[in-house]
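Quick note: residue numbers are just sequence positions, from 1.
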Amino acid sequence: VERCVAAAGYSVGEFAALVFAGALDFAEALYAVKVRAEAMQKASEAVPSGMLSVVGRREANYKFACLEARKHCESLGIENPVCTVSNYLFPDSRVIAGHLQALEFLQENARKYYFKRAKMLPVSGAFHTRLMEPAVEPLAEVLKSIEIQKPLLCVYSNVDGKKYMHSKHIQKLLVKQVVSPVLWEQTMHSVYERKQGTEFPYTYEVGPGNQLGAILKQCNLKAWKQYKHVDALEDEEEAE
């Protein structure tokens, strides 16, 4: 831990990164995550919405595709439709979130927008869009009630891909993260930015699955060569 140079967590994983960096107490962070999850679930139930994983060709224009999908929703009588990029994963890979009708329109017209793949994700709502606004207040309240320290090492925010500066900054951006796109690709560039000739650090993905490793490989092949996955359950199984 003393030699660790940076930490980052994808979406809810940001709470784990902040616990690791000593900014949040584990039990308090767990409580905040519970409040966040329940509030986001409630927001999801208010509007039929979802998320679409998209891999595009070089020519793909995601903003234009989302604009046309919103216009389609308006033609169906949906007021203030939502359809926007909610996760930046790696070059040519995005998650688009919003009203279900918008996502279905994009799937049907995938070829027109130069999408090689457009697959619905098994989630209940449009996370990291303004459809999550009802979840902002409950999370803001709980974060005001818990103690947040300055991190012992650099932790990068999903909201802007930059380092957290102080405890108030953490409090503010964790709330903003619920309704803002996850800038994971940009975060990877920030974390691994270094002078030419400087070696890349070892990277450990902790927890279930190795999706973030797969994303790192697409973002930065040299950094990925120093990557390892640590499954949190392995040690427990061995102990048993």
Set of salt bridge (Lys or Arg N to Asp or Glu O under 4.0 Å) partners for [X], sequence neighbours left out:
{"X": "Glu205", "value": "none"}
{"X": "Arg36", "value": "none"}
{"X": "Arg58", "value": "Asp92"}
{"X": "Lys112", "value": "Glu68"}

Sequence neighbours left out, what pairs pass ring pair (Phe, Tyr, Trp, His ring centres under 6.0 Å) with at least one residue falling in [range]?
{"range": "residues 184-213", "answer": "Tyr10-Trp184"}
{"range": "residues 70-113", "answer": "His72-Phe105"}
{"range": "residues 22-64", "answer": "Tyr62-Phe115"}

Residues Ser11 and His128: side-chain donor-acceptor under 3.5 angstrom: yes
Pair listing, side-chain hydrogen bond (donor to acceptor under 3.5 Å, both in side chains) test, anchored in [range], at least two apart:
{"range": "residues 208-224", "result": "none"}
{"range": "residues 38-47", "result": "Lys34-Glu38, Gln41-Glu45, Gln41-Ser124"}
{"range": "residues 14-26", "result": "Glu14-Asn158, Glu14-Tyr164"}

My understanding is that only residues two or more places apart in sequence, or in another chain, count here; which of them pass ring pair (Phe, Tyr, Trp, His ring centres under 6.0 Å) with Tyr156?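 Tyr156 satisfies ring pair (Phe, Tyr, Trp, His ring centres under 6.0 Å) with no residue once adjacent residues are dropped.
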Carboxylate-amine/guanidinium contact Arg94 Glu185, below 4.0 Å: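 Result for this pair is yes, salt bridge flagged.
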With ILVMFWY side chains joined below 4.5 Å, transitively, what does Val82's cluster contain besides itself? Val47, Leu131
